[in-house]
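Below: the structure, in structure tokens.
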Amino acid sequence: MSGLGKHFGVDASLSLQDTQEIATYLEKNASKRWTSTDTPLRITESQWFTSKHREVGAAVWKRPAVKNRSNCSACHSGADKGDFDEDRVRIPK
Ligand code: HEC
């Protein structure tokens, strides 16, 4: 939260009040599964993500229509609405 001006190459700065509110929320609710030494910076590097995508082969991630793991909507067409249901996954050829 203290480096939002350089958030993965984007300026995601918030007002001081919003920053404090969100930081307080994160400190109270952050996952306890990840300890400070192995906290991944990106969701796609988390154990959770890897385990959810065990069946996706390495070559699939490199397909032009996928490009990279963070392109959720390439396979999860409802991603923009928060829908990641396994039954509606369609991997582009
Ligand atoms: C290359 C296509 C692809 C991309 C890109 C992708 N996923 Fe998936 N995702 C799948 C497939 C296929 C499954 C189910 C396969 C399995 O069980 O291994 C899945 C499963 C999931 C599940 C579990 C769904 C359930 O019903 O249990 C979640 C949650 C999820 N993905 C989130 C994401 C998020 C968040 C992103 C982006 C950061 C993402 N996925 C990117 C293909 C993809």
Side-chain angles (χ1 to χ4, degrees):
M1 288 301 290
S2 58
L4 285 176
K6 289 186 260 172
H7 190 70
F8 299 115
V10 175
D11 184 355
S13 310
L14 298 167
S15 72
L16 186 60
Q17 195 194 341
D18 287 345
T19 304
Q20 280 166 350
E21 239 172 80
I22 294 169
T24 305
Y25 174 87
L26 291 173
E27 278 159 25
K28 269 172 52 191
N29 298 287
S31 172
K32 304 288 186 289
R33 282 181 299 168
W34 293 331
T35 63
S36 57
T37 50
D38 66 356
T39 305
L41 267 175
R42 293 176 165 80
I43 194 170
T44 50
E45 286 166 13
S46 70
Q47 228 183 346
W48 171 85
F49 187 90
T50 307
S51 75
K52 288 289 182 197
H53 296 89
R54 254 191 306 260
E55 290 165 26
V56 181
V60 171
W61 297 113
K62 296 189 185 109
R63 287 182 189 167
V66 176
K67 282 194 216 81
N68 65 61
R69 288 162 197 255
S70 57
N71 189 13
C72 315
S73 56
C75 306
H76 299 278
S77 57
D80 57 336
K81 293 170 212 77
D83 177 8
F84 292 93
D85 198 295
E86 240 179 292
D87 298 338
R88 282 182 289 284
V89 173
R90 296 238 333 262
I91 299 177
K93 299 282 168 212

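Both ligands and their constituent atoms are indexed starting at 1 by order of listing. Position 1 is the first residue of the sequence; numbering continues from there.
- Residue D87 does not touch ligand 1, judged by heavy-atom distances below 4.0 Å.
- The NZ atom of K62 sits 12.0 Å away from atom CG of N68, with the distance rounded to the nearest 0.5 Å.
- Ligand 1 has a nitrogen or oxygen under 3.5 angstrom from a nitrogen or oxygen of E55.
- Aromatic ring orientation, H53 versus H76: perpendicular (interplanar angle above 60°, classes split at 30° and 60°).
- The shortest heavy-atom contact between D85 and D83 is N-OD1, 3.0 Å.
- For ligand 1 and R69, the ligand atoms under 4.0 Å from any heavy atom of the residue are 37 (C), 38 (C), 41 (C).
- Here the shortest heavy-atom pairing between M1 and T19 reads CE-O, 3.8 Å.
- Looking at atom 14 (C) of ligand 1, its nearest protein heavy atom turns out to be E86 CG, 3.5 Å.
- Close contacts between ligand 1 and I91 involve ligand atoms 12 (C) [criterion: under 4.0 Å to a heavy atom].
- Scanning both residues, F49 and R69, for their nearest heavy atoms gives CZ-O, 3.9 Å.
- Take atom 8 (Fe) of ligand 1 and draw a sphere of radius 2.8 Å; the protein N/O/S atoms inside it number 2.
- With S77 contributing its side chain and S73 its backbone, the two residues share no donor-acceptor pair below 3.5 Å.
- Only the backbone of R54 comes within 4.0 Å of ligand 1, counting heavy atoms alone; no side-chain atom from C-beta on gets that close.
- Pairing each heavy atom of V66 with each of N71, the nearest pair is O-ND2, 2.9 Å.
- Close contacts of ligand 1 with W48, meaning ligand atoms under 4.0 Å from a residue heavy atom, involve 29 (C).
- When all heavy atoms of A65 and A74 are compared, the closest pair comes out as O-CB, 3.5 Å.
- Atoms of ligand 1 lying under 4.0 Å from at least one heavy atom of V60, given by number and element, are 1 (C).
- Note that the CD atom of E21 and the CG atom of L26 stand 11.5 Å from one another [nearest 0.5 Å].
- Residues I43 and W48 come closest through the heavy atom pair CD1-CZ3, 3.8 Å.
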